[in-house]
Amino acid sequence: MGEVLVTGATGGIGGPLVEALVKAGRRVVAAGRGPAGSTGGVRTVEMDLARPGTLAAALGEVAELDALIHCAGISPIAAVADAGPETWERTFAVNVASAAELIRLTLPALRRSRGHVILVNASPGMRAVPRWSAFVGSKAALRELADSLRQEEAANGVRVTTVYPAGTATERLRKTRAGLGRPHEPEACIQPETLASMITWVLAAPPDSYACELAVLPTPR
Ligand SMILES: NC(=O)c1ccc[n+]([C@@H]2O[C@H](COP(=O)([O-])OP(=O)(O)OC[C@H]3O[C@@H](n4cnc5c(N)ncnc54)[C@H](OP(=O)(O)O)[C@@H]3O)[C@@H](O)[C@H]2O)c1
């Protein structure tokens with residue numbers, strides 16, 4: 001099996017995802033802001049997704065790759081009246097423009113392997129959320145990126161999946177819900193390890209078919 005490039009590998013979802021992939025026998029390239037290095041089947045590449053123009057140099061040449069999973073994301077809370085250009089630029093850079101750039105850079109390798117792009121989006125059906133427009137807007141753009149790419153790359157055998165997870169019990173979700181003034185019950189959320197195993201399952205589908213969209217909800221209690 002070839003390598004899987006994972007962004008957001010240090011995150012509440014990305015960490016368990018890297019563990020699940022390694023357990024499934026995958027070689028993982030973890031894109032993060034920490035220093036580059038290698039441990040236990042994981043090679044770390046240092047990159048700042050807020051600066052998509054720097055990613056080509058950070059990534060270097062990619063000879064072989066089975067999959068790219070974009071799990072990095074930021075979710076600032078600010079009303080349109082308060083969010084300055086830095087908020088919009090950073091949110092769109094990390095959440096969508098960096099994904100587009102990493103896809104562009106890895107497509108030759110993904111075409112060779114008839115590989116898979118997985119984009120971690122937002123909760124199923126999320127739209128028009130007050131004080132969250134930069135985040136929700138960036139995820140709408142991420143969905144469009146996925147849907148266009150799926151059609152563009154069909155002839156090359158590249159699979160494109162969008163994952164729509166509802167609230168997943170990470171520190172990020174706790175902070176977000178606090179910021180939005182919403183109640184938070186982590187045990188009623190998707191557990192990050194569960195989501196990680198579902199994404200790993202998407203990647204492990206037999207070659208004839210795949211899940212192009214995966215909406216994940218916590219089981220009602
Ligand atoms: N948790 C949920 O309820 C939930 C629900 C639906 C969708 N999602 C989506 O799932 C993804 C992961 O969420 P999470 O809860 O795991 O969030 P998280 O714990 O905050 O993880 C975010 C990841 O993105 C990375 N990142 C942020 N800015 C970066 C930058 N400039 N350059 C490189 N990496 C950067 C972080 O790296 P650092 O460690 O360096 O900060 C971290 O690894 C996000 O796309 C989020 O929108 C989450």
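Whatever order the structure lists them in is the order used to number ligands and atoms, beginning at 1. Not measured: the values here are computed from a predicted model.
Taking 4.0 Å as the cut-off, E171 does not count as a neighbour of ligand 1 on heavy-atom distance. Taking 4.0 Å as the cut-off, G32 does not count as a neighbour of ligand 1 on heavy-atom distance. Not a single heavy atom of S75 sits under 4.0 Å from any atom of ligand 1.
Closest protein heavy atom to atom 22 (C) of ligand 1: G73 O, 3.6 Å. With respect to atom 8 (N) of ligand 1, the closest heavy atom belonging to the protein is N121 O, 3.8 Å. For atom 34 (N) of ligand 1, the closest non-hydrogen atom on the protein side is L49 CD1, 3.8 Å. The closest protein non-hydrogen atom to atom 19 (O) of ligand 1 is G12 N, 2.8 Å.
If you number the atoms of ligand 1 from 1 as listed, the ones under 4.0 Å from a heavy atom of G167 come out as 3 (O). Less than 4.0 angstrom separates some heavy atom of M47 from each of these atoms of ligand 1: 32 (N), 33 (C). Atoms of ligand 1 lying under 4.0 Å from at least one heavy atom of G11, given by number and element, are 16 (O), 19 (O), 21 (O), 42 (C), 43 (O).
Ligand 1 has no nitrogen or oxygen under 3.5 angstrom from a nitrogen or oxygen of G14. Between T168 and ligand 1, a contact under 3.5 Å exists for at least one N or O pair. In terms of polar-atom proximity, defined here as any N/O pair under 3.5 Å, A72 does make such a contact with ligand 1. Remark: ligand 1 and V94 share no N or O pair separated by less than 3.5 Å (distance only, no angle test). Close N/O approach between F135 and ligand 1 is not found [any backbone or side-chain N/O within under 3.5 Å].
Pairs engaging residues 212-221 under the side chain to side chain donor-acceptor pair (under 3.5 Å) rule: Y164-E213, E185-R221 [sequence neighbours left out]. Applying the salt bridge (charged side-chain N to carboxylate O under 4.0 Å, His left out) test to residues at least two apart or on different chains, the pairs with a partner in residues 121-149 are D147-R150.
Salt bridge present: E153 and R111 bring a charged side-chain N and a carboxylate O closer than 4.0 Å.
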